[in-house]
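Written out below as structure tokens is the structure these notes cover.
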2 protein chains.
Amino acid sequence: MEATEAVETIQREMTSFARRARASAGRLHPELSLVSYTLLGHLEESGGCRATDLAAHYALDKSTVSRQVGALERAALIERRQDSEDHRVQVLHLTDAGRRILAQVTESRRTAFRERLARWPAADLERFAEYLVRYNAWPGPAAGSEPGPPAAP
Amino acid sequence: MEATEAVETIQREMTSFARRARASAGRLHPELSLVSYTLLGHLEESGGCRATDLAAHYALDKSTVSRQVGALERAALIERRQDSEDHRVQVLHLTDAGRRILAQVTESRRTAFRERLARWPAADLERFAEYLVRYNAWPGPAAGSEPGPPAAP
DNA sequence: TGTCCGAGTTGTACTCTGCAACCGGACGGT
DNA sequence: ACCGTCCGGTTGCAGAGTACAACTCGGACA
């Protein structure tokens, strides 16, 4: 396979993945959409942050985040805490229920991945993981100009 | 990196990709949504097929495909031809305009990919491409049970 | 104090999607 | 040949996810 051809293939396959991703989104875990899952995961990693941070990080409109956060709060998966320093700010935190659900969904996704990758040699897994990290890491910051997902489709 | 850890990483990175994919969907190529692009691409590859085939292949509802196809026809990017064998069937074909638009979008996505992958050694590109194909190919047919995209986040 | 800024909310509109009901052609058994 | 069933496709309806714009409220700085 030649390099140019490889680029084509990567483009096509990543696009294909994104397409299927979108198509199957939410069907496997009706209780947690892709966006909700991602937001919850971010809260877990960061240990609490503001809605605006989420919006900036994921290139979503603040109104979208506001509604998602509202839904997650109504579901009692997260809670808002007024920031004592700046009363405009609400710091979002996972609740115990949120942590539990997040763990469940993560586990179930992990199972699906394990199944899919079960027959791969360890060396290939490691290289594949490394490539993905490298691809996603890219310059990074310039989220706006991100060609990233081929138009992420 | 250990194999289990590699699986985790692959899961996380693929999820990350899907998330960004969704977030930036449609913004780069307003004239052609991800689904439209994919359908057009499929028609080009297959040289014409039925709406039902598209629905099955991409795990979309036939009504969704019907509407997408309607829009693409209204935009004069595809045309329907009655099947002479089975009058229920409409075989979809790209028009010249469709082929042109598809080529444009493909080229623009290709450019973005090239930029992103510019500094990769050829050997890595080839392996990465191969891994993606292997990942996406998987068993394949069982689209319904597809854990695929980690719940495509 | 007054003005400007930033965090969040809400109203509105649009797209994508799935489900269910429906139409009409094709096919098989009697 | 007739009828029941199956299948391809369309349409009505509902819901999720978004974006954009207008608005509210607290904070910062002159």
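Order of the sequence lines sets the chain letters (A, B, ...), proteins ahead of strands, with each chain counted from 1. The structure presented is a predicted model; accordingly, all values stated were derived computationally and were not measured. Because only heavy atoms are used, hydrogens play no part in the values below, and waters and symmetry mates are left out as well, while side chains stay in.
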Without decimals, in angstroms, what is the distance between [X] [atom1] and [N] [atom2]?
X	N	atom1	atom2	result
B:Arg81	D:dG9	CZ	P	15 Å
B:Leu72	C:dC16	CG	P	10 Å
A:Asp53	C:dG8	CG	C1'	13 Å
A:Ile78	C:dG8	CD1	C1'	13 Å
A:Leu54	D:dT18	CG	C1'	16 Å
A:Asp61	C:dT10	CG	P	15 Å
A:Gln68	D:dA19	CD	P	10 Å
A:Asp83	C:dG8	CG	C1'	14 Å

Enclosure of A:Glu107 CD (heavy-atom neighbours >12, cutoff 6.0 Å):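 Atom CD in A:Glu107 is crowded, with more than 12 foreign heavy atoms closer than 6.0 Å.
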
Polar pair under 3.5 Å, donor/acceptor by atom type, side chain B:Arg67, base D:dG12: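 Answer is yes: a donor-acceptor pair is held.
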
Minimum side-chain heavy-atom gap A:Val91-A:Cys49 below 4.5 Å: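 The answer is no, as the side chains (C-beta and beyond) never meet within the 4.5 Å cut-off.
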
Beyond-backbone contact of B:Ile78 with B:Leu39, side-chain heavy atoms, under 4.5 angstrom: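 B:Ile78 does not reach B:Leu39 side chain to side chain.
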
Protein proximity profile, nucleotides 1-7 of chain C - base contact B, sugar-phosphate-only contact S, no contact -, cut-off 4.0 Å on heavy atoms: ----BBS

Parallel, tilted or perpendicular: rings of B:Phe128 and A:Tyr135 (30°, 60°):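 The rings of A:Tyr135 and B:Phe128 sit tilted, inter-plane angle from 30° to 60°.
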
B:Asp124/A:Arg134 under salt bridge (Lys or Arg N to Asp or Glu O under 4.0 Å): CA gap, chis, key distance, verdict: CA-CA 11 Å; B:Asp124 286 351; A:Arg134 198 194 301 178; 3.2 Å; yes

Partner residues of B:Ala97 under the side chain to side chain contact (heavy atoms under 4.5 Å, CB included) criterion, sequence neighbours left out: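 By the side chain to side chain contact (heavy atoms under 4.5 Å, CB included) rule, B:Ala97 matches B:Leu77, B:Thr95, B:Arg100.
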
Cation-pi check, B:Arg127 onto A:Tyr131 ring (under 6.0 Å, within 45° of axis):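 The answer is no, since B:Arg127 fails at least one limit relative to A:Tyr131.
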
Below 4.0 Å: OP1/OP2 of D:dA19 and any side-chain N or O of A:Ser63: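 Answer no for this pair, as no side-chain N or O of A:Ser63 is under 4.0 Å from OP1 or OP2.
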
Nearest-nucleotide 5' precedence on DNA chain D, A:Thr64 against A:His87: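 Upstream on the strand: A:Thr64.
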
